[in-house]
Amino acid sequence: MLEYTQDHDLSIATLHGSLAEPALESMNFLNEVASRYPKAVSFASGRPFEEFFDTALIHDYIEAYCRYLRVEKGCSDAQVNQVIFQYGRTKGIIHELVARQLARDEKITVDPEAIVVTVGCQEAMFITLRALRGDERDILLAVSPTYIGITGAARLVDMPVWPVRSGPSGVDLDDLAAQIRRAREAGLRPRACYVMPDFANPSGVSLSTSLRADLLGLAASEHILLLEDNPYGLFHDGSHLPTLKSLDTGRQVVYLGSFAKTGFPGARVGYAVADQRVAAGDGGVSLLADELAKIKSMVTVNTSAVAQAVVGGKLLRHDLSMAAANQRETAVYLGNLKHLLDGLSQRFPSGDLTWNCPSGGFFVVVTLPFAADDELVEHSAREHRVLWTPMSHFYSGGEGLHQVRLACSQLTPEMIETGLDRFAAFVAGATTR
Ligand SMILES: Cc1ncc(COP(=O)(O)O)c(C=O)c1O
């Protein structure tokens with residue numbers, strides 16, 4: 001029975017447990033602070049660069065996709081209209097194009113039937129965890145610090161997340177093995193480990209090729225899946241490392257893709273590559289992608305055909321390569337990253353502050369000589385007009401208190417300069433506070 005009080009219609013205590021948890025507030029908190037201080041330079045947001053956005057491109061991309069339907073797929077005009085305007089295939093309509101892009105950009109060979117096109121990568125994470133969480137014994141391992149979206153999605157499906165130490169290399173395999181052992185001893189079932197091998201959010205760290213191979217080996221010997229999330233991998237300086245999925249010979253990896261950064265976030269298009277074979281009770285076999293599609297059909301029915309057409313058209317316009325489509329953007333991101341790292345060196349030569357130096361992606365982590373919490377972000381925004389993200393948001397147990405994440409993807413070099421001057425003033429003030 002719902003508990004009513006005189007002044008309120010509902011009590012949070014009677015709603016889903018996730019609603020009272022900080023993980024679900026993190027994204028809103030930063031957006032809210034940013035909206036209250038619009039004049040602040042924001043190193044908090046990992047949004048894509050906006051200057052190349054152009055609504056005329058939307059029409060051009062949709063046209064390119066419709067032409068593909070007519071020419072390559074042999075659709076009549078009526079059929080094209082039906083594809084764009086009607087309810088559509090649950091697993092998506094651009095799966096073949098996505099498979100061709102993965103082959104081109106990532107050397108991932110995958111049957112298009114193993115792809116589910118989702119409403120952003122966020123939905124891919126949610127439906128994957130929903131499927132893997134069979135009962136209360138199932139847990140998710142996640143390399144810590146981790147992306148807030150996976151923590152929140154796991155919470156929505158009542159799946160505990162056990163942190164795995166990242167260590168200097170990006171994932172501590174000894175700790176991963178130890179956590180799996182501990183979980184099993186406690187009668188739990190570690191189903192998968194969530195990893196971002198390329199320019200992770202928030203750490204910016206990438207795994208070496210040999211560590212990727214060792215991680216796959218451990219996952220195979222321990223019979224756990226790896227959930228590989230890769231929104232930033234294409235924004236590299238030429239040193240592109242193989243994705244786990246491209247090295248995966250035993251269907252150990254569910255690959256979670258996003259077109260938020262290589263396409264644009266407003267489209268809300270992502271996907272899961274789930275080629276694992278699922279034994280059905282009746283002796284039949286399906287693909288995990290088909291099981292995920294059943295869940296998706298009850299969450300979003302299908303991903304917007306209009307949005308898929310836009311992303312599909314962008315792929316077609318760039319010869320099925322998001323790397324080719326993002327040459328200008330990649331140059332901006334690498335330039336900004338260099339600017340940020342050089343600017344930090346110039347302003348903090350003494351060694352009181354340290355930071356990592358990723359060779360791509362959107363994020364840098366700075367370690368400060370003082371604790372940097374949510375209250376201090378407010379102070380920084382109000383008094384110094386500069387925003388950043390406390391790293392504690394990406395940990396489950398209060399770690400990372402002396403660290404902040406800086407993102408520079410959305411800024412210009414001038415804004416980075418101004419932001420760093422303000423950040424330096426903030427640090428000077430906080431050190432003497
Ligand atoms: C690591 C990671 N995964 C997934 C996403 C979300 O992707 P989407 O916008 O496609 O849901 C993000 C967005 O910031 C991210 O950083």
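When a ligand or atom number is given, it counts from 1 through the structure's own listing order. For the numbers below, each heavy atom of this structure counts, side chains included, while hydrogens, waters and symmetry mates do not.
Legend: residues meeting side-chain hydrogen bond (donor to acceptor under 3.5 Å, both in side chains) with T300, ordered by chain and number and at least two apart, are E123, K296. For D352, there are no salt bridge (Lys or Arg N to Asp or Glu O under 4.0 Å) partners two or more places apart in sequence or in a different chain. N28 is linked by a side chain to side chain contact (heavy atoms under 4.5 Å, CB included) to nothing, counting only residues two or more places apart in sequence or in another chain.
A salt bridge links K91 and D290; the closest N-O separation between the charged side-chain nitrogens and carboxylate oxygens is under 4.0 Å.
By the 30° and 60° cut-offs, the orientation of the rings of F49 relative to F52 is perpendicular.
The shortest non-hydrogen separation linking A34 to L387 is CA-CD1, 3.7 Å.
Around ligand 1 you find G120, C121, Q122, Y147, Y194, M196, N201, D229, P231, Y232, S258, A260, K261, R268, each with a heavy-atom distance below 4.0 Å.
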